[in-house]
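One-based numbering, in listed order, for ligands and for the atoms of each.
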Amino acid sequence: MPTKSLERWNRDGDYLKAQFEAAGYQAQLKYSDNDSNQQNNDIQAMIADGVSVLIIAAIDGEALTQTLADAKDAGIPVIAYDRLIMNTDAVSYYVSFDNYTVGVLQGEFVKKAMDLDNAAGPFNIEFTAGDPADNNAGYFFNGAFDTLKPYIDSGKLVVPSGKTTFEQVATPNWSTDTALENMQNTLASYYSDGTVLDIALCSNDSTALGVAQAITSDYAGSNKPVVTGQDGDIANLRNIVDEIQTMTVYKNVSDEAGVTLEVAKALLEGKSPDASLLDSLSADAAYDTSSYDNGTGIIPSYLLVPWTVTKDNLQDLVDTGLYKWDANNQYLESAT
Ligand code: BGC
């Protein structure tokens, strides 16, 4: 896993380890501190240990080519977990969510929240995207931007900062602090004259945390801007209850771990899993053999289904069994 500093990877690691062990496997779990060199070393150590399969959520999708060539030489299959690993023919399968749809759900939420098809507008929006080293980040941004672009083109949505490309709004390491700082700068430069901020489109929860903090401390307007996110991290679910964040795109990473286990099992039994594996999965997923080319060819992908969470359907998270209400029935806590 990439890092312990972002909540979701702690959940991913716990679920993967628990589910593989429950299925009778021994599991080594390493976190590489968002440091690509360390991740290469961690994987090399696992190769040297003679592991049977590698499941990797890459820190930098472009930085594992040599190490994974060694895995291939050692006959160890590799599953790219959540993030596609680029420029290596050692990756057998990719297990993730439909990443483009994550962004579309954020864009659709904004469309509905602002009633863009009927309201006069114009509304002001700012974008915050993810880590350029993470292959997912562009999919999230494009999904949201493509959905909102017609309204930007028609003038119903305005971007006062003028920052409309992924490169201009990317956030290295998905860092909350960097997102906070960038939003503070944007607010100081483009909103200190009383310009109203209506929407802060953030690609995920770690960046939404920083952006919401900047809005709380540095935004003078009296409206509550719509703030989007992704993951359903506990701190963000709290902000949703407190109306500091408006929505998150939820991805059930326990299911993602479960699908990964089924793919790994099939590989270890010498099979080449395909669409027929879907029948044995307990989670909704699609088998995709056209979307994810890692530079060496298409990587067959199992893509799970993300969904939108707002203040109004938090109970649906509790119904997954992974969250519970706190003692005051106010905020959600982890139930696992
Ligand atoms: C994951 C997101 C996560 C982000 C930062 C992405 O690759 O798909 O769920 O928010 O990394 O950790």
Q.
So for ligand 1, is Asn136 a polar contact partner (N or O within less than 3.5 Å, distance only)?
A. yes
Q | Shortest protein heavy-atom distance from atom 11 (O) of ligand 1, along with the residue and atom involved | A | Arg83 NH2, 2.9 Å
Q | Phe20 versus Ala27, closest heavy-atom pair with distance | A | CB-CB, 4.4 Å
**Q.** Nearest-neighbour protein heavy atom for atom 4 (C) of ligand 1, which is reported as residue plus atom name and distance
**A.** Trp174 CE2, 3.5 Å
Q) Would a line drawn from the ring center of Phe140 to the ring center of Phe97 be shorter than 6.0 Å? A) no
Q) How does Tyr81 reach ligand 1, by side chain, by backbone, by both or by neither, if only non-hydrogen atoms under 4.0 Å count? A) neither
Q. Any idea which heavy atoms bring Asn236 and Asp205 closest together, and the distance?
A. ND2-O, 2.9 Å
Q: Considering only non-hydrogen protein atoms, determine which one is nearest to atom 3 (C) of ligand 1 and report residue, atom name and distance to 0.1 Å.
A: Asp231 OD2, 3.4 Å
Q: Could you tell me the residue and atom name of the protein heavy atom closest to atom 1 (C) of ligand 1, and the distance to it rounded to 0.1 Å?
A: Asp82 OD2, 3.2 Å
Q) If every non-hydrogen atom of Tyr323 is compared with every non-hydrogen atom of Leu237, which pair is closest and at what distance? A) CE2-CD1, 3.6 Å
**Q.** Proximity flag Phe140 to ligand 1, non-hydrogen atoms under 4.0 Å
**A.** yes
**Q.** Proximal atoms of ligand 1 relative to Lys251 (non-hydrogen, under 4.0 Å)
**A.** 1 (C), 2 (C), 8 (O), 9 (O)
Q) Does Lys149 NZ have over 12 foreign heavy atoms under 6.0 Å away? A) no
Q | ligand 1 to Asp134 polar contact by distance, N or O atoms, under 3.5 Å | A | yes
Q: Heavy atoms only: give me the nearest Asp274-Tyr302 pair and the separation to one decimal.
A: O-OH, 2.8 Å
(Q) Test side chain to side chain contact (heavy atoms under 4.5 Å, CB included) on Asn294 and Tyr292; report intermediate values, then the result. (A) CA-CA 6 Å; Asn294 81 340; Tyr292 288 96; over 6 Å; no
**Q.** Distance filter under 4.0 Å to Leu6 heavy atoms, resulting ligand 1 atoms
**A.** 5 (C), 12 (O)
Q. With the threshold set at 4.0 Å, does a side-chain nitrogen-carboxylate oxygen contact exist between Glu243 and Lys311?
A. yes
**Q.** ligand 1 atoms in contact with Gln230 (distance to a heavy atom under 4.0 Å)
**A.** 2 (C), 9 (O)
Q: Give the contacting part of Trp9 toward ligand 1: side chain, backbone, both or neither, where contact means a heavy-atom distance below 4.0 Å.
A: side chain
(Q) Distance under 4.0 Å to a non-hydrogen atom of Asn204: what atoms of ligand 1 satisfy this? (A) 3 (C), 4 (C), 5 (C), 10 (O)
Q) Between Ile244 and Ile215, is there a shared hydrophobic cluster once you connect ILVMFWY residues whose side-chain heavy atoms come closer than 4.5 Å? A) no
